[in-house]
Enquirer: 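Provided herewith is a single structure, encoded as structure tokens, for subsequent inquiry.
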Amino acid sequence: MERQFPIEKYRNIGIIAHIDAGKTTTTERVLFYSGRIHRMGEVHEGTTAMDFMVQERERGITITAAATTSMWRDHRINIIDTPGHVDFTAEVERSLRVLDGGVVVFDAVSGVEAQSETVWRQADRYRVPRICFVNKMDRVGADFWNCIEMIRDRLQARPVPIQIPIGAEDTFVGMIDLFTMQAVTFTDELGANPTITDIPEELRSEAEQRRHELIEAIAEHDEDLLLKYLNDDELSIEELKAALRRATCRVALVPVLCGAALRNKGVQPLLDAVVDFLPSPTEVPAIEGIVPISGLEEARPSDDSAPFAALAFKVVTDPFSGRLVYLRVYSGTADAGMQMLNASHDRRERLGRLLFMHADKREEVSSIYAGEIVAAVGLKNTFTGDTLCQVNHPITFESISFPDPVLHMAIEPKSRLDEDKLSTALRRLSEEDPTFRAGQDPQTGETIIGGMGELHLEVIADRLLREFNVEASLGAPQVAYKETIQSSVEQEGRFIRQTGGRGQYGHVWLRIEPLESGTGIQIENGIVGGTIPKEFVPAVQSGIRDSFLAGPLGYPVVDVRVTIFDGSYHPVDSSELAFHNAAVIAMREGLEKARPVTLEPIMQVEVMIPEEFLGEISGALNARRGSIDEIQTRLGTKVIQAKVPLATMFGYVNTLRSSTQGRGTYSMQFSHYQEVFHSARELIAKAGRN
């Protein structure tokens, strides 16, 4: 089967934003206007195409990233609609890893919110070009220019409006296109036939000023255009758009549009902007990977003639098709039934059926090509972050990193029958979601699940019942504490046993030092002169790693560097086991001497409340051991930015609603780990005993 569309006409984009900014509604309109669906669903009615999970429709939020595809101006647009809730941030992370562009949706009233910053930083990390859509221009308090300023100030970006709104709130009817200098208004209920007219006289002066600023911003980022601009030469619309496209693809500028997706206004110009300004797979830098045999870097261009290579970015258990693995094809072509190499695990895999996904619906294809996003059936041993490639052209791409769980709960099956099914269901869910972990507590024997928040684990429990028919009850939340050290020590470890025959002899010296918060774990080999033979060094390193699993205070150890700098061996009695045990002894004694401290997860909390409740809510946050960073005023609403320990935030939503007559809302996301204050240690110890 030949490729249907040239790769230059592909756009792989993600819709990303803070929760409730209108991502799914915007995606629904994109699908309607491009002809993919024939009736627009609504989030509040639970009828959207993209929120197809039962839990999504009940809660009115997106939980899992859903993929679809549509056509616009002879371009194929592959879209991933991502969640906005912080508990499901892994879905955003893995989507941005494989996308070429992004549409960032902002609420015109709230502007840049807490999760907006998180998804923006994720896009920055992967250098994803993006355009912005200021949504909900019809809401009371909508302010397009305030949103622009917030993008500039809080996200440190260079936004360039390519439209200006006509009206706001209940008078919002459309926008002025600053390239064509024409007004685009939406008068019919479905918004399917926008009207193109001259600019209203009262807005002409502002439009001319804003167009001048747009041309100036574009010219600053294009040498050829800048010369023409300085010489007062006429710049054509095609030249301006081409220059803005190049600047957008370099992540130097961010085009900004406006609209009201729920009222069917502004979505067609947004689709035009996706085609005009976001890159095709050939316009982003070729992905680089490591050739396993040589260890050398190699680039794989987005070209059908290059060797096949793809990255698995999502695993889903589908009730009809079984295990689906979502792939981003970076180079080459492949047919259904072909044998592939999973280079990440050095295993052979066979591509079964190949599918284009439209949310929970699918379209089977016989071949896949560079630049496409597809789902494959039959990949039994391929997981999120794995690289699939041709057997005779191996390459490994950088995997996808995910944050560790910050919240744990015990889970208990309600019957013996459920007990047998629980482990299988948990294994499948952890394959799907890399931020979800399940395991047994070695001390109590309980099954413990870990995730990114209360909602995350509630959804997991709900899915166990509905999808896997497993009834289980969740225990009280348990915070994922960690520990680190405050001082450096040098510690000796000896493991010497004499049993009559061959003995055991292992002797090491370790230097244990604290590192900056968030650095992680570092193990360095500083042995010189062969005081420990090199064949025993891996055993020492293994003993060190095992010791990090639980430190003197009982929690995983982080932000520590350990250097193996001396030791001795016996030519007959030394063994890997002896050196492993010597390292464990040195670590146990050394960590105890290095002044260990407990660390707890601190959350960045944003609380939005009416002004009359400010004093009460601020006091309540302080009582939860929170520290208030900033209090802003947004259109009569007070927005409190604070950092609060996760341990004190359980059940906060009920407290906030009762304190504000149901008018307060909040969002939170993980910020960092911080040493537990002395006054809180007793609470943690007590929780550990219960």
Enquirer: The criterion is salt bridge (Lys or Arg N to Asp or Glu O under 4.0 Å); which residues satisfy it with Arg350, sequence neighbours excluded?
Expert: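 If we apply the salt bridge (Lys or Arg N to Asp or Glu O under 4.0 Å) test to Arg350, skipping adjacent residues, there are no hits.
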
Enquirer: Taking side chain to side chain contact (heavy atoms under 4.5 Å, CB included) as the test, write out the residues that go with Asn469, two or more places apart.
Expert: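 Once residues adjacent in sequence are excluded, the partners of Asn469 under the side chain to side chain contact (heavy atoms under 4.5 Å, CB included) criterion are Lys421.
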
Enquirer: Residues two or more places apart in sequence or in another chain: which of them pass side-chain hydrogen bond (donor to acceptor under 3.5 Å, both in side chains) with Arg427?
Expert: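 With sequence neighbours excluded, Arg427 shows a side-chain hydrogen bond (donor to acceptor under 3.5 Å, both in side chains) to no residue whatsoever.
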
Enquirer: Could you tell me if the ring centre of Tyr666 sits under 6.0 Å from that of Tyr652?
Expert: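 Between Tyr666 and Tyr652, the centre distance is under 6.0 Å.
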
Enquirer: Enumerate the salt bridge (charged side-chain N to carboxylate O under 4.0 Å, His left out) contacts for residues 372-381, please, sequence neighbours excluded, ordered by first and then second residue.
Expert: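 Residue pairs with at least one partner in residues 372-381: there are none.
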
Enquirer: Is Arg130 close enough and on-axis enough to Trp120, meaning under 6.0 Å and within 45°, for cation-pi?
Expert: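 Yes - Arg130 lies over the ring of Trp120, closer than 6.0 Å to its centre and within 45° of its axis.
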
Enquirer: Tyr673: which residues meet the ring pair (Phe, Tyr, Trp, His ring centres under 6.0 Å) condition with it, sequence neighbours left out?
Expert: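 Result, ring pair (Phe, Tyr, Trp, His ring centres under 6.0 Å) vs Tyr673: Phe670.
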
Enquirer: Parallel under 30°, tilted from 30 to 60°, perpendicular over 60°: which one fits the rings of Tyr326 and Phe313?
Expert: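 The rings of Tyr326 and Phe313 stand perpendicular, inter-plane angle above 60°.
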
Enquirer: Going by side chain to side chain contact (heavy atoms under 4.5 Å, CB included), name the residues that satisfy it together with Gln478, two or more places apart in sequence or in a different chain.
Expert: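 Partners of Gln478 under the side chain to side chain contact (heavy atoms under 4.5 Å, CB included) test: His408, Ile448.
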
Enquirer: Mind checking what makes salt bridge (Lys or Arg N to Asp or Glu O under 4.0 Å) contact with Glu432, not counting sequence neighbours?
Expert: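 Partners of Glu432 under the salt bridge (Lys or Arg N to Asp or Glu O under 4.0 Å) test: Arg463.
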
Enquirer: Using the salt bridge (Lys or Arg N to Asp or Glu O under 4.0 Å) criterion, which residues pair with Arg97? Sequence neighbours excluded.
Expert: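 For Arg97 there are no salt bridge (Lys or Arg N to Asp or Glu O under 4.0 Å) partners, ignoring immediate neighbours.
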
Enquirer: Go through the structure and list residues passing side-chain hydrogen bond (donor to acceptor under 3.5 Å, both in side chains) with Glu117, not counting sequence neighbours.
Expert: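 Glu117 satisfies side-chain hydrogen bond (donor to acceptor under 3.5 Å, both in side chains) with Arg154 only.
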
Enquirer: Taking only residues two or more places apart in sequence or in another chain, which ones pass side-chain hydrogen bond (donor to acceptor under 3.5 Å, both in side chains) with Glu364?
Expert: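 For Glu364 the side-chain hydrogen bond (donor to acceptor under 3.5 Å, both in side chains) partners, ignoring immediate neighbours, are Arg353.
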
Enquirer: Thinking salt bridges, do Asp629 and Lys643 make one under a 4.0 Å N-O criterion?
Expert: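 The answer is yes: the pair qualifies as a salt bridge.
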
Enquirer: Not counting sequence neighbours, which residues clear side chain to side chain contact (heavy atoms under 4.5 Å, CB included) with Ala334? List them please.
Expert: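 If we apply the side chain to side chain contact (heavy atoms under 4.5 Å, CB included) test to Ala334, skipping adjacent residues, the hits are Phe308, Met338, Met340, Leu351, Ile368.
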
Enquirer: Would you call Asp386 and Arg347 a salt bridge, using N to O less than 4.0 angstrom?
Expert: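 Looking at Asp386 and Arg347, the cut-off is not met.
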
Enquirer: How long is the span from the CE atom in Met409 to the OG atom in Ser473, to the nearest 0.5 Å?
Expert: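 So the CE of Met409 and the OG of Ser473 are separated by 11.5 Å.
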
Enquirer: Could you pull out all residues at least two apart from Arg300 that satisfy side chain to side chain contact (heavy atoms under 4.5 Å, CB included)?
Expert: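 Partners of Arg300 under the side chain to side chain contact (heavy atoms under 4.5 Å, CB included) test: Ile287, Glu298, Pro307, Ala309, Ser331, His393, Ile395, Phe397.
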
